[in-house]
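Atom set for the values below is all heavy atoms of this structure, side chains included, hydrogens, waters and symmetry mates excluded.
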Amino acid sequence: MTAPEQVDRILLITAVVLILVAGALLLARIWRGPSMLDRAISLDVCAALIIAGLAAKSAFALDPFYFPIMLVLAFLGFTGSVGIARFIAVRDRPGRTYPDDTQDGPR
């Protein structure tokens, strides 16, 4: 094994260890909360960690097979984050009245 290959192997092992540590801390954040928004953001970060783990596996194997899977996971993570943000933005909007709150009846 040449010196650059050995450096690559050490860096990849370090990356995997950091991903595992981040995953453990992420699980603690999901468990503790305290709000639903914290848990939603943690699940978004979980998708990013899965993508990083697949990238590390792809780098170890020198195989580009996982790139389309990582792209789909990134798209799903983004759309999930946007959906959660829109839901929270509508729910927390000040002065929002719902049709059930009016006495006029349905519109």
Side-chain angles (χ1 to χ4, degrees):
M1 183 177 279
T2 64
E5 289 174 349
Q6 193 171 13
V7 170
D8 284 346
R9 177 75 67 187
I10 291 170
L11 289 175
L12 284 172
I13 290 171
T14 305
V16 169
V17 168
L18 288 175
I19 290 169
L20 290 174
V21 169
L25 293 172
L26 179 73
L27 289 176
R29 174 49 59 190
I30 291 173
W31 181 263
R32 287 184 34 162
S35 70
M36 200 60 183
L37 183 59
D38 288 331
R39 291 183 175 98
I41 292 170
S42 296
L43 289 175
D44 185 40
V45 173
C46 182
L49 284 179
I50 290 170
I51 293 168
L54 285 174
K57 172 143 178 49
S58 180
F60 266 128
L62 299 175
D63 184 15
F65 174 76
Y66 294 103
F67 290 159
I69 298 169
M70 293 184 315
L71 184 65
V72 169
L73 284 174
F75 177 71
L76 290 174
F78 171 74
T79 55
S81 297
V82 169
I84 289 170
R86 287 191 58 169
F87 172 73
I88 291 173
V90 168
R91 186 187 68 176
D92 293 343
R93 185 177 300 156
R96 172 95 169 137
T97 59
Y98 296 96
D100 296 345
D101 293 342
T102 63
Q103 300 297 326
D104 300 338
R107 294 182 186 167

List the residues meeting side chain to side chain donor-acceptor pair (under 3.5 Å) with D44, not counting sequence neighbours, and say none if there are none.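 D44 satisfies side chain to side chain donor-acceptor pair (under 3.5 Å) with S81 once adjacent residues are dropped.
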Are more than 12 heavy atoms from other residues, nucleotides or ligands located less than 6.0 Å from atom CZ of F78?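 Count not over threshold, so no.
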Mind listing the closest non-hydrogen atom pair of [X] and [Y] along with its distance?
| X | Y | result |
| --- | --- | --- |
| I19 | L49 | CG2-O, 4.0 Å |
| A55 | M70 | N-SD, 3.4 Å |
| P34 | D38 | CD-OD2, 2.8 Å |

Between [X] and [Y], is any pair of side-chain heavy atoms under 4.5 Å apart?
| X | Y | value |
| --- | --- | --- |
| S42 | R32 | no |
| S58 | F67 | yes |
| L73 | L54 | yes |

Short side-chain to backbone donor-acceptor contact, R39 and I30, under 3.5 Å: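 A pair under 3.5 Å: yes.
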Drop me the distance from I51's CD1 to L76's CG, to the nearest 0.5 angstrom.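 It is 9.0 Å, given to the nearest 0.5 Å.
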What distance separates I84 CD1 from L37 CG, expressed to the nearest 0.5 Å?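 The CD1 atom of I84 sits 8.5 Å away from the CG atom of L37.
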Between T2 and E5, does a side-chain contact (heavy atoms from CB on, under 4.5 Å) hold up when you go through it step by step? CA-CA 5 Å; T2 64; E5 289 174 349; 3.4 Å; yes
Side-chain heavy atoms nearer than 4.5 Å, only ILVMFWY residues, links allowed to pass through others: does that put L11 and V17 together?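 No; tracing contacts between hydrophobic side chains, which count when under 4.5 Å, never links both residues.
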Have a look at R9 and tell me which of I13, L12, V7 forms a side-chain contact (heavy atoms from CB on, under 4.5 Å) with it.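 Testing R9 for a side-chain contact (heavy atoms from CB on, under 4.5 Å) against I13, L12, V7 leaves exactly one candidate, I13.
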